[in-house]
Every structure is written in C-alpha cells, then in structure tokens.
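Taking it in order: structure first as structure tokens, then the write-up.
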Amino acid sequence: MKTRVTNKIIMLSVNILFVTLTPALAFAMDSGACLDCHGDAGVVGDKLVIEALGFDSTAHAELGCHSCHASITADHPDDGLPPSRAGCAECHDPVSREYAASLHAENAGCSDCHNPHRALGPTAVSGHDMNRQCMACHDRPDMVALHGEWLPQADLHISMLPCITCHSSSAEYVISLYLIKRQGGQYPGGLELASHAELSAIAGGRPIEQLIDRNADNYVSLAELRMFNLDPENKQLRLQGMITPEGVSHDFRSRDDRWDCSFCHASGPAARQVSFLSLVEPDGSFKRVAVEQGAVLDALYGTPDFYMVGSTRSTALNYVGLVILAGGLVMPIGHGTLRILTRKNRRHEEK
Ligand code: HEC
Ligand code: HEC
Ligand code: HEC
Ligand code: HEC
Ligand code: HEC
Ligand code: HEC
Ligand code: HEC
C-alpha cells in the first residue's frame, strides 16, 4: 500500500515537472476556466460536456484538467490543435500492469469501464453502478443464462452482487446497505436506488443519514436499524444489501472459490458481519456510515430484505446452509467435480 502511494507520488512529481517544463503551459487555465465552457452543453455541445458536480468530488479534480490535457494552450479552442490526453498508466502503474497482464485487457480499455472525469474508488460507487459498467458489454439476460447453468437463482444473485465480487479479488469484503425505492425499474432486477433529492425530501430537510442514524453519531446501531425498518414513515424505502469488495484487483477472471457457495453462504463467526450503510451524495457518489456488527444476521428487524444463511426466511437458503454446515466435505466435492467438468476449458484458457 505504502509503495503504491509512494509510486504514485513519484509519478505525479514527474508529471508535474513535465507540466512545468512544457513551454505551452507557461499560462495556467485552471479547471474552473475549462469548466466555464466544458461545463455548459450550450457552449461545447453534448459530446464535450463534463459534469462539474460529478468531477469535483473525484481525486482527479485535485489534479486539475491540465494534468491530463497538458498540451492545451491559451488559444484553445481557436488554435484548432487536438488536446493531448494523459494515459492512465502514467499515474496508475500497478493497476495498469496488472490489467495489461489479464485476459480481459484485450476486451476493454480503462476508459470502457471508467469515465476519467468521474473516477471513484470501489467504496464510492454503488454495486448497481459497478454492474452497469460490466453490463455495457455483458448483456444481463446472457449473464443470467450463463451463470444459471450452475448457480441457482442466477437472476437474484446478479441483482444482489457486483460482478467484481466474484470476478476480482480483494483482501476484504463487506456488506453494503443501499436505500432502494420500493417501486422502480431502472436498475437491473427492478431495483432502483433512491436519489439524494428523494431521500432529502423524505428526511424533511435533515441530513439524509438521520433517516437511519437518528442520534447523528455517525454510527448505525441495531436499534436504529430496527427503528428505521419498523417506521411506517419509511414504507416507500427499503434497505438492500450487497456483498462488495473493499479493493479491486484488475485481473477480472473467474475465481475458483466463487463456485463455492460457502464463500458467501456461511454461518457462524466466519460469516460476513461487517456492514456499512452506503448513502448517496448529491453528485451520485456514495459515502459510508459504519453499522453495528451482526446486523445482517438479525434477520427479523435488522435487514429484512437481505438474508444470508443464519436467517430463517428462506428454506432454500437454509438448506444450502445446512448442507454447508453438515460437513465441510460437501462443497469441496461439488467444487472438485465442477473443476473436473471444466478441465478442458481451463486448459484451453491457460494457453
Ligand atoms: C472558450 C471555451 C473553452 C475553454 C475555456 C476550454 N475549451 Fe476545450 N474545447 C472548446 C471547444 C469549442 C472545443 C471543440 C473544438 C473543436 O471541435 O475544434 C473544445 C475541445 C476540447 C477537447 C477535445 C475534445 C475532443 O475530443 O474533440 C478537450 C480535451 C478540451 N477541449 C479540454 C479543455 C481543457 C482541459 C480546458 C481548460 C484547460 C479547456 N478545454 C478549455 C471550448 C473551450
Ligand atoms: C485523469 C485525467 C483527466 C483529467 C483530470 C481530465 N481529463 Fe478530460 N479526458 C481524459 C481522457 C483520458 C479523455 C479521453 C476519454 C476517452 O477516450 O474516452 C478525456 C476526454 C476529454 C474530453 C473529450 C470528451 C470526452 O468526454 O471524451 C474533454 C472535452 C475533456 N476531456 C475535458 C476535460 C476537462 C474540462 C477537464 C477538467 C474539468 C478534464 N478533461 C480533466 C483525461 C482527463
Ligand atoms: C496525472 C495523473 C493521473 C492520471 C493520468 C490518471 N489518474 Fe487516476 N488518480 C490519480 C490520483 C493521484 C488518484 C488518487 C489516488 C488514488 O486513489 O489512487 C487517482 C484516482 C483514481 C481512481 C479512484 C481511486 C480511488 O480509490 O479513489 C480511479 C478509478 C482512477 N484514478 C482511474 C483512472 C483512469 C481510468 C485513468 C485514465 C483515464 C486515470 N485514472 C488517469 C492520478 C491520475
Ligand atoms: C468494453 C466491453 C467490456 C466491458 C465493459 C466488460 N467486459 Fe468482460 N469481456 C468483454 C469481452 C469482449 C470478453 C470476451 C468474450 C466473452 O467472454 O464474453 C469478456 C470476457 C470477460 C470474462 C471472461 C474472461 C475469461 O478470461 O474467461 C469475464 C469474467 C469478464 N469479462 C468480466 C467482466 C466484468 C466483471 C466486467 C465489469 C467490471 C466486464 N467484464 C466489463 C468485454 C467487456
Ligand atoms: C456468484 C459469483 C458470480 C457472480 C455474481 C458473477 N459471476 Fe460470472 N462467473 C462466475 C463463475 C464461478 C464463473 C465460471 C467460470 C468458469 O467457467 O470457469 C463465471 C463465468 C463468467 C463468464 C464466462 C467466463 C468464461 O470462462 O467463459 C463471464 C463473461 C462472466 N462470468 C461475467 C460476469 C458478469 C459480467 C457478471 C455480473 C453481471 C458476473 N459474471 C457475475 C461467478 C460469478
Ligand atoms: C472491465 C472494467 C474495468 C476496466 C477495463 C478497468 N477498471 Fe478500474 N475498476 C473497475 C471497477 C468496477 C472498479 C471499482 C470502482 C468503480 O466501479 O469505479 C475499479 C476500480 C479502479 C481503481 C480503484 C481501485 C481500488 O482498489 O481502490 C483504480 C485506480 C482503477 N480502477 C484504475 C483503472 C485503470 C488505470 C485501468 C486501465 C489500466 C482500469 N481501471 C481498467 C473496472 C474496470
Ligand atoms: C459471492 C457471494 C455468493 C455466492 C458465491 C453464492 N451466493 Fe447465493 N446468494 C448470495 C446473495 C447476496 C443472495 C441474496 C440474498 C438475499 O438478499 O436474499 C443469495 C441468494 C441465494 C439463494 C436464494 C435465497 C432466497 O432468499 O430465495 C439461494 C438458493 C442461493 N443463494 C444459493 C446459492 C448456491 C447453491 C450457491 C453456490 C452454487 C451460491 N448461492 C453462491 C450470495 C452468494
């Protein structure tokens, strides 16, 4: 981690040095000046507009437009020169190298998944929005059919999990709770996140976190969760949980242990108990509030719309839980069998 940051600082210093030494950049048009034109579709047209609100909250905003479009002169746009664009690898060396080595690198470039003017880390993007990044190329119905070959309720799983929870690795996974409108359809699976404006209206002018964190101590207790879920005032909202990674490796492959149902459906102390309330900001990014441990297992009141094993609502799920609990043997056998069945595929891929 430390080396990553140090590397970045070195790369940045190199970049800044380069920027200062480039004669065309003796002048400095700050991001605000760029946005005077590029923040307004009336001036630059729909295709060249950058949404200032979305850009301002990103780490890239601190770098400023110039760090990436270094060739722009004071005469832009009248000079007719095409502005330069920094490559992501100039500053994101480790991620770029990891991704370049992946099988996925030939399928998509950084900008196919990331808007450089809207670059956010995994905890600031909702699981739904992450899936939209993937579904731009991997059609949802195709994915449901493909995964349904081995995954029961594939549709539900794909609605309730970011693709990258299974197709990327992270040192840690947590449960992120999102506020969903009871009606809607914009999101896959018919789920629609409530917008900041909608939540503000329901909160009646209070900060939206106080819909749940009633005592405003920046911590959601089990008691507060229960109060939220039982309060008829909130009947148009519900909490939906997703298992999200705290970091993202850019290898995007199919991870062997994600065949293993117990990776998620586990009981007991190893079960995923760390959760956060993920709250939408006015610009559509997310911030988090820590939730008391065990909320997800408090099936009745904690998170009535999110059951992992240990809950009592679903016989199917409890059955899976029982199978896993009945012996560590069953899944490994299933897993082994699947490996054998897909052996041919795998050999092919390894080439
Ligand atoms: C006076 C308004 C104005 C300002 C200020 C301005 N731009 Fe532009 N920019 C334009 C227009 C108009 C175009 C389209 C030019 C064309 O098509 O020939 C453009 C084109 C661009 C493009 C190329 C888009 C493409 O793909 O064709 C980039 C990148 C860009 N501007 C970045 C910036 C940055 C960064 C700044 C600040 C340093 C900036 N602009 C300041 C008006 C402006
Ligand atoms: C982190 C680097 C980075 C920063 C900071 C950045 N840009 Fe860009 N910009 C890019 C890249 C890369 C592209 C090309 C995107 C692509 O190919 O899809 C781009 C494309 C553009 C375009 C062409 C239209 C588009 O969306 O593809 C415009 C206009 C533009 N940038 C303006 C700006 C302005 C104005 C700012 C500051 C508010 C800014 N950029 C800040 C990297 C950056
Ligand atoms: C001029 C240097 C520079 C360039 C070029 C650049 N970035 Fe960044 N980027 C940064 C810095 C600095 C940060 C904040 C530190 C961090 O979190 O990595 C950042 C943060 C990010 C984040 C958010 C990470 C987080 O956890 O908050 C993403 C995503 C990202 N960049 C993607 C890209 C992509 C995609 C490109 C190419 C289109 C790109 N960057 C180009 C410097 C750059
Ligand atoms: C720009 C298009 C594009 C985007 C966006 C995209 N992919 Fe892909 N992906 C492809 C193509 C093309 C293939 C190869 C054909 C196939 O398997 O569908 C592929 C293959 C894959 C594979 C199989 C890789 C292998 O080695 O067997 C996985 C897993 C995958 N993508 C996951 C993802 C995930 C997760 C996301 C979102 C974070 C994503 N993809 C976003 C285009 C894309
Ligand atoms: C519950 C975990 C899980 C989720 C969620 C999930 N996948 Fe998968 N996915 C897998 C596993 C396991 C495989 C099988 C890999 C194999 O065949 O070896 C797979 C296979 C694939 C393949 C085909 C890979 C190949 O080798 O041909 C693609 C493409 C893919 N997934 C993309 C996605 C996308 C896009 C999403 C989100 C919409 C997604 N997956 C969600 C676990 C998951
Ligand atoms: C197939 C889609 C895909 C591609 C291609 C991709 N990313 Fe990402 N990346 C993601 C997703 C999904 C996240 C989670 C946050 C988000 O959704 O923006 C992420 C997160 C990141 C982060 C934050 C990582 C962390 O753990 O905090 C950085 C930095 C980043 N990407 C840079 C890049 C760069 C640089 C490239 C090109 C070399 C790239 N990404 C290519 C999908 C992609
Ligand atoms: C990456 C995590 C993950 C993996 C791996 C996984 N699941 Fe799930 N599963 C979930 C989530 C999340 C839900 C949705 C829980 C909810 O909200 O009700 C779910 C729901 C289910 C349900 C439906 C429960 C209901 O409420 O109707 C069944 C059945 C199920 N999973 C079985 C399996 C089986 C069998 C496997 C292995 C082949 C598996 N799951 C692998 C995360 C996972």
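Ligands are counted one by one from 1 in listed order, and the atoms in each one are counted from 1 as well. When a residue number appears, it is its place in the shown sequence, counting from 1.
Between the side chain of Glu51 and the main chain of Arg118, no donor-acceptor pair closer than 3.5 Å is present. Under a 3.5 Å cut-off, the side chain of His167 and the backbone N or O of Arg253 do form a donor-acceptor pair. Between the side chain of Gln210 and the backbone N or O of Ala216 there is no donor-acceptor pair closer than 3.5 Å.
Within ligand 6, the atoms closer than 4.0 Å to a non-hydrogen atom of His92 are 29 (C), 35 (C), numbered from 1 in the order shown. For ligand 6, the atoms sitting less than 4.0 Å from at least one non-hydrogen atom of Val125 are 16 (C), 17 (O), 18 (O), numbered in the order shown with element in parentheses. Which parts of ligand 6 touch Phe252 is read off a 4.0 Å heavy-atom cut-off, strictly below it: atoms 1 (C), 3 (C), 4 (C), 42 (C), 43 (C). The contact set between ligand 7 and Gln153, taken as ligand atoms under 4.0 Å from a residue heavy atom, comprises 23 (C), 27 (O). Within the listing of ligand 6, atoms 26 (O) sit less than 4.0 angstrom from a heavy atom of Gly247. Those atoms of ligand 6 that come under 4.0 Å of a heavy atom in Met130, given as number and element, are 17 (O). Atoms of ligand 4 lying under 4.0 Å from at least one heavy atom of Cys163, given by number and element, are 35 (C). Of all the atoms in ligand 4, the ones that sit under 4.0 Å from a non-hydrogen atom of Asp112 are 1 (C). Of all the atoms in ligand 4, the ones that sit under 4.0 Å from a non-hydrogen atom of Ile164 are 38 (C). The contact set between ligand 7 and Cys166, taken as ligand atoms under 4.0 Å from a residue heavy atom, comprises 1 (C). Close contacts of ligand 4 with Cys137, meaning ligand atoms under 4.0 Å from a residue heavy atom, involve 1 (C), 2 (C), 3 (C), 4 (C), 5 (C), 42 (C), 43 (C). Close contacts of ligand 4 with Ala108, meaning ligand atoms under 4.0 Å from a residue heavy atom, involve 1 (C), 3 (C). Within ligand 7, counting atoms from 1 as listed, the ones closer than 4.0 Å to a heavy atom of Leu156 are 20 (C), 23 (C).
By the criterion of a heavy-atom distance under 4.0 Å, both the backbone and the side chain of Cys134 are placed next to ligand 4. At a 4.0 Å heavy-atom cut-off, ligand 7 touches Cys261 through backbone and side chain alike. With a heavy-atom cut-off of 4.0 Å, Leu120 touches ligand 6 through its backbone alone.
Results of the side chain to side chain donor-acceptor pair (under 3.5 Å) test with Thr244 over Ser126, Ser275, Ser176 single out Ser176 as the only residue that passes. Each of His128, Gln153, Arg140 was checked for a side chain to side chain donor-acceptor pair (under 3.5 Å) with Ser159, and the lone residue meeting it is Arg140. The only option from Val220, Asp213, Leu225 that meets the side chain to side chain contact (heavy atoms under 4.5 Å, CB included) definition with Leu277 turns out to be Val220.
Around atom 17 (O) of ligand 6, the closest heavy atom drawn from Glu246, Glu98, Gln133 belongs to Gln133. Scanning Asp251, Asn107, Asp139 for the heavy atom closest to atom 12 (C) of ligand 4 points to Asn107. For atom 31 (N) of ligand 6, the nearest non-hydrogen atom from the set Arg118, His104, His114, His138 belongs to His114. The closest heavy-atom contact to atom 4 (C) of ligand 6, among the options Ala124, Cys88, Cys113, comes from Cys113. The nearest non-hydrogen atom to atom 32 (C) of ligand 7, considering only Pro152, Gly241, Ser159, Pro162, comes from Pro152.
Looking at heavy atoms from C-beta onward, Ile208 lies out of side-chain contact with Glu281 at the 4.5 angstrom threshold. Between Phe228 and Leu239 the shortest side-chain heavy-atom distance falls below 4.5 Å. In this structure, Arg206 and Leu211 have side chains that are in contact, with non-hydrogen atoms separated by less than 4.5 Å.
Between Val248 and ligand 6, a contact under 3.5 Å exists for at least one N or O pair. Inclusion of Ser96 in the set of residues having an N or O under 3.5 Å from an N or O of ligand 6 is not warranted. Among the atoms of His157, some N or O lies under 3.5 angstrom from an N or O of ligand 7.
Around the CG atom of Asp217, the shell of radius 6.0 Å holds more than 12 heavy atoms that belong to other residues, nucleotides or ligands.
Between His147 and Trp150, the ring planes lie tilted relative to each other; the angle falls in the 30° to 60° range. Using cut-offs of 30° and 60° on the angle between ring planes, the pair Tyr178 and Phe286 is perpendicular. Using a 30° and 60° split on the angle between ring planes, His60 and His92 fall in the tilted class, from 30° to 60°.
For Ala100, the side-chain contact (heavy atoms from CB on, under 4.5 Å) test picks out no residue, with sequence neighbours left out. Ser31 is linked by a side-chain contact (heavy atoms from CB on, under 4.5 Å) to Cys65, counting only residues two or more places apart in sequence or in another chain.
A heavy-atom separation below 4.0 Å is found between Gly109 and ligand 6.
Using a cut-off of 2.8 Å, one finds that Cys110 contributes no N/O/S atom close to atom 8 (Fe) of ligand 6.
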